[in-house]
Amino acid sequence: MGKGVVLMNIYDELVARGLIAQVTDEEEIKDLVNNGKATFYIGFDPTADSLHVGHFMALSLMKRLQMAGNKPIVLLGGGTGLIGDPSGRTDMRSMLTPEAIQYNIDCFKKQMERFIEFGADKAIMVNNADWLAKLNYIEMLRDVGPHFSVNNMLRAECYKQRMEKGLSFLELNYMIMQSYDFYYLFQYHSCNMQFGGDDQWSNMLGGTELIRRKLGKDAYAMTITLLLNSEGNKMGKTAKGAVWLDPNKTSPFEFFQYWRNVGDNDVLKCIRMLTFLPLEQIDDMDQWEGSQLNEAKEILAYELTKLVHGEEEAQKARTTSLALFAGGTDDANMPTTEIFSEQLTDGGIGIIDLLVACGLSVSKSEARRLVQQGGVFINDTKVASIEHKITLEDLKNSVKIRKGKKTYHRALLK
RNA sequence: GGAGGGGUUCCCGAGUGGCCAAAGGGAGCAGACUGUAAAUCUGCCGGCGACGCCUUCGCAGGUUCGAAUCCUGCCCCCUCCA
């Protein structure tokens, strides 16, 4: 990463990037992390079949620390996933079946291997189901139960939102399970630190506390800042859901576009927190204003797409983006839907059906509205009527559909 | 277990027999403006073969010409008492 610039220690770099939210003991953590003495873990609960941006941040942190000589442990929550973390939520998570959890874990593993180097002296991956699932209820209660104050637990920030809507005993136990994980890893994997999103703070403190009470030893915790936009909403979410790292769920092009479209006020923060660009370079961009920020957005989008999907995909996404929005010519990589000849009637397909077939509209009503409001273009020509038909010939060459200002799609005959 | 309150369209939240596909806000979508930004303004915002029809107000039944609104049973949540 650094190009012969002054080498900053990792802790200071994390601070400079705005990544650190809370730490239990700054001096001690600095010492461990800067000198490659940390063996740290980050937990990932398998709540979906793909990682998302929040996970990406955690993995990036892991990578940064790994590059600084520390040893990462990826903890997959095969056990905690069965319970469901209530932190910061207003409603209960839907309970996942063990099968779904296993499937999600497999998906996570594949994606993680692209970011983190696993191996004997590198990073290791563990699954907390391996020890949590075996626990005996009575033994467990007697073992760790006395060390948790329910009074304190209920006061924890992460449960605040749930005190009004209701918190089940199942979920209350999540903190104990996570604490137990840390306690376990501390003993069996010499894990002395836990990192995680800031919403995990209380859960993490539970672990350090348990280790101190049970073993009389110190362990440390550090949280990373949650990525919020200037309005205070979590980034990496769209109306349709999360921005996924799985290219089948969020294509590299869509992924690129998401970052290309962040608000002015959020670009630099994102570059600083999410990319591996040297801080000096980022500081220069800090002066940019107005439309110049578009350049920063392109850098952000390119860098992130490269990290997540590889250089080739990043370039393709950028080329397509430039073609679509900045007068370039190669728009080959826009999302494409193949139309089957069975879908044609009278040698063509109606614009309404086409919009639905391409997933640009969820219903025909919506598609009609789009056309009526003048928001649909075929090959850069506004569609004037909901009766408009796209002919077989057009489809053979493929047609470019534009919905609104920013959504492009291609349709061609299979 | 007892007493009270509550479950409404993506979210919040009005509605307590017909004027309700259901106020208002938010989110979202489209249009104008612009820099593929923000803010602002305008329109849309259950579905469909669409001046009509169908599905929706926790679930299942019932009363009624007619129910989100009334009755019965069930499920879930909150508060207080145990």
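So you know, we letter chains A, B, ... as the sequences are listed, proteins then strands, and number each from 1.
- The six-membered or imidazole ring of A/Tyr183 lies near that of A/Tyr180, with a centre-to-centre distance under 6.0 Å.
- Residue A/Ser363 is in sugar-phosphate contact alone, with no base atom involved, counting any heavy-atom pair closer than 4.0 Å across all strands shown.
- When both distances must be under 3.5 Å, the Watson-Crick or G-U wobble mate of B/G4 is B/C78.
- No donor-acceptor pair closer than 3.5 Å links the side chain of A/His388 to the backbone N or O of A/Ser385.
- Taking the six-membered ring wherever Trp is involved, the centroid distance between the rings of A/Phe40 and A/Tyr220 does not fall below 6.0 Å.
- Classification of the A/Phe186-A/Phe182 ring pair by plane angle, with boundaries at 30° and 60°, yields perpendicular.
- The interatomic distance linking A/Lys364 (NZ) with B/C48 (P) rounds to 7 Å, in whole Å.
- When the C1' atom is used for both B/C57 and B/A22, the distance is 8 Å, rounded to whole Å.
- We find that CG of A/Leu170 is positioned 16 Å from P of B/C76, with the value rounded to whole Å.
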- Task: Test A/Glu171 against A/Arg162 for salt bridge (Lys or Arg N to Asp or Glu O under 4.0 Å), laying out the working first.
- Result: CA-CA 10 Å; A/Glu171 296 169 279; A/Arg162 297 301 296 281; 2.9 Å; yes
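- Between A/Tyr408 and A/Phe253, the gap from one ring centroid to the other reaches at least 6.0 Å.
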- Message: Please encode protein proximity along nucleotides 26-36 of chain B as a string of B, S and -, counting only heavy-atom distances under 4.0 Å.
- Response: --SSSSS-BBB
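- A distance of about 12 Å separates the P atoms of B/A39 and B/G26, rounded to the whole Å.
- No donor-acceptor pair closer than 3.5 Å links the side chain of A/Arg402 to the backbone N or O of A/Phe377.
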Which pairs, protein N/O on one side and nucleotides 53-58 of chain B N/O on the other, fall under 3.5 Å?
none

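- Using modelled atom types, no side-chain atom of A/Arg64 and backbone atom of A/Gln66 make a donor-acceptor pair closer than 3.5 Å.
- Spacing between atom CZ of A/Arg162 and atom P of B/U79 amounts to 12 Å, rounded to whole angstrom units.
- Straight-line distance from the NZ atom of A/Lys165 to the C1' atom of B/G13: 11 Å, rounded to whole Å.
- Centroid-to-centroid, the aromatic rings of A/Phe256 and A/His309 stay 6.0 Å apart or farther.
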